[in-house]
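What you see below is based on every heavy atom in this structure, not just the backbone, and it leaves out hydrogens, waters and symmetry mates. Letters go in sequence order (proteins before strands), and every chain restarts at 1.
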There are 2 protein chains.
Amino acid sequence: MASITIDDVADLAGVSIKTVSRVLNREPHVRAATREKVLAAVEQLNYRPNVSARALAGSRSYLLGLFFDNPSPGYNGQIEQGAMSACRNSGYYLIVEQMTEIGDDLQKRIAAFHATVRLDGVILPPPLCDRPELLAALDADRIPYVRIAPTISLERAPYVYMDDRKAAYEMTAYLQSLGHKDIAFIAGPSDHYAAARRREGFDQAMRDAGLAVKPGRVQQGAFSFRSGSECGEKLLDTRDRPTAIFAGNDDMALGVMAVANRLHIDVPGTVTLAGFDDSPSAQVVWPQLTTVRQPVADMAQVATELLINADRDDDMPRARLMDFEVMVRQSSGPPSR
Amino acid sequence: MASITIDDVADLAGVSIKTVSRVLNREPHVRAATREKVLAAVEQLNYRPNVSARALAGSRSYLLGLFFDNPSPGYNGQIEQGAMSACRNSGYYLIVEQMTEIGDDLQKRIAAFHATVRLDGVILPPPLCDRPELLAALDADRIPYVRIAPTISLERAPYVYMDDRKAAYEMTAYLQSLGHKDIAFIAGPSDHYAAARRREGFDQAMRDAGLAVKPGRVQQGAFSFRSGSECGEKLLDTRDRPTAIFAGNDDMALGVMAVANRLHIDVPGTVTLAGFDDSPSAQVVWPQLTTVRQPVADMAQVATELLINADRDDDMPRARLMDFEVMVRQSSGPPSR
DNA sequence: TGGCCATTTGACAGCGCTGTCTTTTCGTCC
DNA sequence: GGACGAAAAGACAGCGCTGTCAAATGGCCA
């Protein structure tokens with residue numbers, strides 16, 4: 001069970017271990033013929049360098065951290081999928097860690113973690129990426145990081161993001177294109193950055209189309225199924241209904257849909273419904289929910305690549321805008337009136 | 001930024017580094033007073049041993065692998081949550097890896113991975129835990145592993161599991177207790193171990209209650225939303241409906257619910273609906289789904305603890321049965337007829 | 001053919017810890 | 001009080017690799 005080491009490769013190739021090291025690390029100053037010999041030996045022995053030894057001896061550990069805070073396992077799973085595939089493509093490994101502890105010892109926690117596992121960088125999904133103490137702790141220990149959809153201190157580190165405002169604008173425009181004029185909006189928490197942008201997009205689209213938003217048509221939700229139900233009840237359990245409801249996220253849209261089912265209000269026959277996120281649940285309800293697809297896994301993959309290549313290219317972009325997609329499904333249709 | 005090493009601790013405590021090492025590893029042959037001195041120094045310097053150095057020098061790496069195959073990000077997320085908390089409690093770290101490649105190079109893939117990252121063990125969730133080539137590869141490299149809900153070769157390694165048969169029995173008994181006599185069942189893929197056990201539980205419960213299962217009352221599904229819809233249509237779009245439908249998993253139950261909504265069949269007024277899994281979507285539909293809760297995160301946590309303590313206690317149990325819970329929600333009620 | 005410089009290769013130390021083996025310390029008994 | 005043996009502590013090598021610096025090689029021109 002003694003495993004193959006760099007010495008074995010060096011012996012077989014008839015060179016020194018340093019030369020093997022150079023080839024493996026794509027360093028210059030190796031003759032093409034020598035490189036070939038080494039690579040052949042590596043191939044023949046199926047040699048793989050040991051990350052622990054590399055981390056100990058060198059300046060890179062080939063380990064990236066993925067920190068979680070988000071309570072949604074579905075979202076986390078997608079993030080992770082993207083990060084994993086980026087890692088696999090570049091020989092990095094992903095260490096996941098829950099960072100849910102409260103407050104003041106975060107600085108110490110990070111320091112301890114970094115002393116134990118020397119990470120080459122950290123991936124921060126929301127809402128973790130917006131906690132100033134975390135960023136400060138990482139900066140203090142000089143640990144590089146990327147952020148996914150951050151909303152504050154954008155200049156501090158590279159990040160990927162989505163244009164929530166534009167996405168909400170386009171969804172609203174799509175509803176208008178179906179013929180809807182009386183559209184209601186269920187907003188998310190006002191201190192939530194993306195929620196505010198989505199609201200702006202809706203408002204702007206209505207203004208640009210010259211459509212008035214009737215009083216009471218904008219409800220304040222909390223991004224939860226329950227809050228969606230409550231807002232949905234106010235909007236639907238009355239004679240004066242909007243013809244379309246655009247909820248700031250899918251959970252709230254599903255809350256509205258539940259209310260509609262309960263009140264026997266046909267979707268999309270009587271009222272059109274749209275959400276935002278394309279959560280897994282969006283396709284396991286009937287009618288399937290028209291929504292905005294966020295490319296969560298792609299965002300994580302791009303973010304991870306950004307992190308890995310951060311030192312390589314100096315002219316690496318610091319921010320990367322990701323595409324969204326309006327997913328038209330069965331919950332939307334032309335107005336009946 | 002030069003970090004604190006074991007030498008610093010040894011100097012401060014006035015002992016040799018070996019003694020510090022002994023204290024940190026809970027080895028015997030250290031006087032209580034010496035231990036205290038060392039621990040005080042560790043505390044004062046906030047020292048943390050470096051895993052790479054430990055892995056390189058010793059026989060343990062403090063790294064566990066969590067391999068994924070499962071396409072469901074929600075399930076993965078829960079598994080991960082459980083595994084992470086077990087790791088955090090015992091100073092281990094979790095490396096996640098996608099193992100979705102097909103077939104024959106799996107052996108080589110594992111070997112390469114193990115050469116690179118010397119893992120102390122691997123956690124295998126379903127359906128990965130049932131791939132014989134994977135188990136063979138791990139055995140060949142002498143990598144310890146635990147399995148979550150495995151269905152074959154149970155003697156090969158420790159595992160945690162749930163009694164699907166009993167859970168389905170209890171759910172069926174619950175439906176019977178509401179007064180239902182004409183209960184339909186939507187089965188999962190017959191080659192799926194848990195699906196078969198659930199079917200058995202249903203059958204047994206009906207037999208024990210002396211209730212006949214009418215012809216056509218057991219439909220063959222595929223664990224997907226779509227297959228649930230198809231089966232639901234056959235069961236509901238007819239005069240001769242069952243009063244209750246028990247689907248082998250939540251996705252199929254939600255498919256049935258979608259059909260019921262479309263056909264304006266009241267749930268639970270006209271037909272009672274039950275699922276299995278307690279997937280996240282089960283609570284974002286209306287009515288919320290009565291289902292069996294699988295303690296996925298707990299299972300992963302217990303599995304991880306089993307792996308970590310595998311060498312410690314010789315009398316460690318090889319298998320661990322986990323509890324389930326029948327979650328009674330709004331989709332079930334007494335029959336109307 | 002020899003000498004000079006740029007390029008390629010190698011020797012060696014050491015990263016921070018653990019495993020093995022040796023030395024020291026301490027308690028105990030005659 | 002000295003000898004003995006067990007318990008405690010330390011010395012030292014080395015895990016598998018990279019970084020630094022020194023040595024060897026080769027190309028080119030005189």
Side-chain angles (χ1 to χ4, degrees), chain A residues 1-39 41-42 45-63 91 93 112 114-118 120 311, chain B residues 1-39 41-42 45-63 91 93 112 114-118 120 311:
Chain A
M1 277 317 292
S3 53
I4 294 145
T5 72
I6 196 170
D7 301 78
D8 301 324
V9 178
D11 287 351
L12 181 59
V15 297
S16 75
I17 60 167
K18 181 64 220 191
T19 300
V20 177
S21 173
R22 271 194 267 264
V23 171
L24 293 172
N25 292 295
R26 292 186 173 71
E27 286 172 26
H29 308 308
V30 179
R31 205 165 302 159
T34 313
R35 188 198 319 285
E36 293 309 320
K37 263 195 310 187
V38 170
L39 289 176
V42 166
L45 296 173
N46 200 29
Y47 165 76
R48 295 302 132 104
N50 178 302
V51 288
S52 296
R54 261 143 81 108
L56 191 58
S59 53
R60 275 186 308 179
S61 68
Y62 298 91
L63 297 175
Y93 295 86
H114 186 234
T116 309
V117 183
R118 202 53 60 88
D120 282 350
D311 49 346
Chain B
M1 278 320 293
S3 53
I4 294 146
T5 71
I6 196 170
D7 300 80
D8 301 324
V9 178
D11 287 350
L12 181 59
V15 297
S16 75
I17 60 167
K18 182 65 220 189
T19 299
V20 176
S21 173
R22 270 193 268 264
V23 171
L24 293 172
N25 291 294
R26 292 185 174 71
E27 286 172 26
H29 308 308
V30 179
R31 205 166 302 159
T34 313
R35 189 198 319 284
E36 293 310 319
K37 265 196 308 188
V38 170
L39 289 176
V42 166
L45 296 173
N46 200 29
Y47 164 76
R48 295 301 132 105
N50 177 303
V51 288
S52 295
R54 259 139 89 102
L56 192 57
S59 53
R60 275 185 310 178
S61 68
Y62 298 91
L63 297 175
Y93 295 87
H114 186 235
T116 310
V117 182
R118 202 53 59 88
D120 281 350
D311 49 346

*Asks:* Taking CZ from R35(B) and C1' from dA7(D), how many angstroms apart are they, rounded to a whole number?
*Replies:*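 The distance from CZ of R35(B) to C1' of dA7(D) comes to 13 Å, rounded to the nearest Å.
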*Asks:* Determine, step by step, whether D120(B) and L63(B) satisfy the side chain to side chain contact (heavy atoms under 4.5 Å, CB included) criterion, reporting the C-alpha distance in whole Å, the side-chain angles of both residues, the deciding distance to 0.1 Å, and the verdict.
*Replies:* CA-CA 6 Å; D120(B) 281 350; L63(B) 297 175; over 6 Å; no
*Asks:* NE2 of H29(B) versus C1' of dT18(C): gap in Å, rounded?
*Replies:*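 Checked: the NE2 to C1' distance equals 15 Å.
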*Asks:* Is any side-chain N or O of S52(B) closer than 4.0 Å to OP1 or OP2 of dC15(C)?
*Replies:*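 The answer is no; no side-chain N or O of S52(B) sits under 4.0 Å from OP1 or OP2.
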*Asks:* Is the shortest side-chain N/O distance from R54(B) to OP1 or OP2 of dC17(C) below 4.0 Å?
*Replies:*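 False: R54(B) side-chain N/O out of range (4.0 Å or more) of dC17(C) OP1/OP2.
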*Asks:* Compare the minimum distances between each of dG14(D), dT18(D), dT9(C) and the side chain of A57(B), then state the nucleotide with the smallest one.
*Replies:*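 That would be dG14(D).
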*Asks:* Just how far is it from atom CD of E27(A) to atom NZ of K18(A), taken to the nearest 0.5 Å?
*Replies:*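 Spacing of CD (E27(A)) from NZ (K18(A)) equals 5.0 Å.
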*Asks:* Whole angstrom is fine here: how far is it from CZ in R118(A) over to P in dC15(C)?
*Replies:*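 Going from CZ in R118(A) over to P in dC15(C) covers 13 Å.
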*Asks:* What's Y47(A) touching, base or sugar-phosphate or nothing? Going by heavy atoms closer than 4.0 Å.
*Replies:*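 Counting heavy atoms under 4.0 Å across all strands, the contact made by Y47(A) is with sugar-phosphate only.
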*Asks:* Here's a test of your reading of the structure: between G14(B) and G58(B), which maps to the more 5' nucleotide of DNA chain D?
*Replies:*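 The residue whose closest nucleotide sits nearer the 5' end is G14(B).
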*Asks:* What distance do N50(A) atom CG and R118(B) atom CZ have between them, rounded to the nearest 0.5 Å?
*Replies:*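 Taking CG in N50(A) and CZ in R118(B), the distance rounds to 6.0 Å.
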*Asks:* Strictly under 4.0 angstrom, non-hydrogen atoms only: write out the protein contact profile of nucleotides 21-26 of chain C, one letter per nucleotide from the 5' end, B, S or -.
*Replies:* -----S
*Asks:* Quick one: pull up CG in L24(A) and CD1 in I17(A) and give me the separation to the nearest 0.5 Å.
*Replies:*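 One finds 11.0 Å between CG of L24(A) and CD1 of I17(A).
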*Asks:* When rounded to the nearest 0.5 angstrom, what distance separates OG1 in T116(B) from OH in Y93(A)?
*Replies:*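 So the OG1 of T116(B) and the OH of Y93(A) are separated by 4.0 Å.
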*Asks:* Let's see if you can work this out: which of dG19(D), dC17(D), dG10(D) has an atom nearest to the side-chain heavy atoms of I17(A)?
*Replies:*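 Nearest to the side-chain atoms of I17(A), counting from C-beta on, is dC17(D).
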*Asks:* With a cut-off of less than 4.0 Å, is there a side-chain N or O of S59(A) near OP1 or OP2 of dG19(D)?
*Replies:*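 Looking at the OP1 and OP2 atoms of dG19(D), one of them is under 4.0 Å from a side-chain N or O of S59(A).
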*Asks:* According to a strict under-4.0 Å criterion, is T5(A) in side-chain N/O contact with OP1 or OP2 of dC15(D)?
*Replies:*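 The answer is no; no side-chain N or O of T5(A) sits under 4.0 Å from OP1 or OP2.
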*Asks:* Under 4.0 Å from OP1 or OP2 of dT18(D): is there any side-chain N or O of S21(A) that close?
*Replies:*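 For S21(A), the contact criterion (side-chain N or O under 4.0 Å from OP1 or OP2 of dT18(D)) is met.
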*Asks:* Strictly by modelled atom types, are N46(B) and R48(B) linked by a side-chain donor-acceptor pair under 3.5 Å?
*Replies:*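 Yes, R48(B) and N46(B) have a side-chain donor paired with an acceptor closer than 3.5 Å.
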*Asks:* In whole angstroms, how far is the P atom of dG19(D) from the CG atom of L56(A)?
*Replies:*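 So the two atoms are 12 Å apart, to the nearest Å.
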*Asks:* Calculate the interatomic distance between R48(B) atom CZ and dG16(C) atom C1'; express it in whole Å.
*Replies:*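 R48(B) atom CZ is separated from dG16(C) atom C1' by 16 Å.
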*Asks:* Taking CD1 from I4(A) and P from dG16(D), how many angstroms apart are they, rounded to a whole number?
*Replies:*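 It works out to 12 Å between those atoms.
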*Asks:* So, applying side chain to side chain contact (heavy atoms under 4.5 Å, CB included) with T34(B), which one of V20(B), T19(B), L39(B) is it?
*Replies:*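 Of the listed residues V20(B), T19(B), L39(B), the side chain to side chain contact (heavy atoms under 4.5 Å, CB included) partner of T34(B) is T19(B).
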*Asks:* First locate atom OG of S52(A), then atom CG of L56(A), and finally report the distance between them rounded to the nearest 0.5 Å.
*Replies:*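 S52(A) OG to L56(A) CG: 8.5 Å, rounded to 0.5 Å.
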*Asks:* How many whole angstroms separate atom NZ of K18(B) from atom C1' of dG14(D)?
*Replies:*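 Going from NZ in K18(B) over to C1' in dG14(D) covers 13 Å.
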*Asks:* Under 4.0 Å: is that the gap between some side-chain N or O of T19(A) and OP1 or OP2 of dG10(C)?
*Replies:*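 Yes, within the criterion.
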*Asks:* Indicate whether OP1 or OP2 belonging to dT18(D) is found under 4.0 Å from a side-chain N or O atom of N25(A).
*Replies:*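 Looking at the OP1 and OP2 atoms of dT18(D), one of them is under 4.0 Å from a side-chain N or O of N25(A).
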*Asks:* Return the value, rounded to whole Å, for the distance between atom CD1 of I6(A) and atom C1' of dG19(D).
*Replies:*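 After rounding, the gap between these two atoms is 13 Å.
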